Amino acid sequence: QVHLVESGGGSVQAGGSLRLSCAASGPMHRRLLMGWFRQAPGKEREGVAALYTAGDGTYYADSVKERFTVSRDNAENTLTLQMNSLKLEDTAMYYCAAGSGAYGLGLETELFDFWGQGTQVTVSS
């Protein structure tokens with residue numbers, strides 16, 4: 001199975017930036033759906049951004065558009081989330097996820113089969 005490990009979380013002041021990375025290992029398909037999700041205490045997990053490991057297409061939640069950028073480095077099997085202009089409400093545990101991509105591009109949790117253990121992002125004022 002695919003194994004995912006997140007890194008890059010930490011504490012930052014509002015308006016600052018962080019870059020999260022997700023390293024993937026194990027059997028890989030030619031085309032996977034990969035994404036970032038987040039979950040704050042007492043709230044449901046929500047999708048942040050997603051893309052395919054091959055071809056075109058990115059998808060962002062409205063709350064992070066123009067601030068976050070998701071990208072891939074297939075040579076190193078790495079998924080990156082660049083987070084700029086961070087807000088207090090961005091504080092959450094951030095998870096990397098992967099799915100087969102057979103059902104299209106989106107942020108529904110049902111599209112993803114494998115999940116990392118998360119990296120904490122804390123934004124303070």
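Note that these values count all heavy atoms, side chains included, but never hydrogens, waters or copies made by symmetry. For clarity, every value in this text was computed on a predicted model and none was experimentally measured.
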Salt-bridge contact Lys87-Asp90 (side-chain N to carboxylate O under 4.0 Å): no

Taking every heavy atom of Phe112 against every heavy atom of Met34, the minimum-distance pair comes out as CE2-C, 3.8 Å

Over all heavy atoms of both residues, which pair between Val48 and Tyr94 is shortest? Give the atoms and the distance, please. CG2-CE2, 4.3 Å

Check whether Tyr52 reaches the backbone of Leu105 with its side chain - one donor and one acceptor, N or O, closer than 3.5 Å. yes

Using modelled atom types and a 3.5 Å cut-off, is there a donor and acceptor pairing between side-chain atoms of Glu6 and backbone atoms of Thr119? no

So how far is it from Asp73 CG to Cys22 SG, rounded to the nearest 0.5 Å? 12.5 Å

Greater than 12 external heavy atoms within 6.0 Å of Glu66's CD: no

So which heavy atom on Ala40 is nearest to which on Thr91, and how close? CB-O, 3.8 Å

Measure centre to centre between the rings of Phe37 and Trp115, then say whether the value is under 6.0 Å. yes

Over 12 foreign heavy atoms within 6.0 Å of OH, Tyr59: no

Should Val121 and Phe68 be counted in the same cluster of Ile, Leu, Val, Met, Phe, Trp and Tyr side chains packed under 4.5 Å apart? yes

Under a 4.5 Å cut-off applied to non-hydrogen side-chain atoms, are Thr69 and Asn84 in contact? no

With distance as the sole test, does Thr53 use its side chain to make a donor-acceptor pair with the main-chain N or O of Leu32 at under 3.5 Å? yes

Given Val2 and Asp113, is the side-chain contact (heavy atoms from CB on, under 4.5 Å) satisfied, shown in steps? CA-CA 9 Å; Val2 176; Asp113 303 304; over 6 Å; no

Side chains of Arg38 and Glu46, heavy atoms from C-beta outward: is any pair under 4.5 Å? yes

Would Leu107 end up clustered with Trp36 when hydrophobic side chains under 4.5 Å apart are linked, directly or stepwise? no

With sequence neighbours excluded, tell me which residues meet side chain to side chain donor-acceptor pair (under 3.5 Å) with Ser85. none

Beyond-backbone contact of Tyr95 with Leu20, side-chain heavy atoms, under 4.5 angstrom: no

Looking only at heavy atoms, the pair that brings Leu81 and Ala49 closest together is CD1-CB, 4.3 Å

Quick check: closest heavy atoms across Ala50 and Gly106, and the distance to 0.1 Å? CB-O, 3.6 Å

Heavy-atom pair with the smallest gap, counting every atom of Ser21 and Thr80: OG-OG1, 4.2 Å

What about Leu88 and Met83, same hydrophobic cluster or not, with Ile/Leu/Val/Met/Phe/Trp/Tyr joined at side-chain heavy-atom distances under 4.5 Å? yes

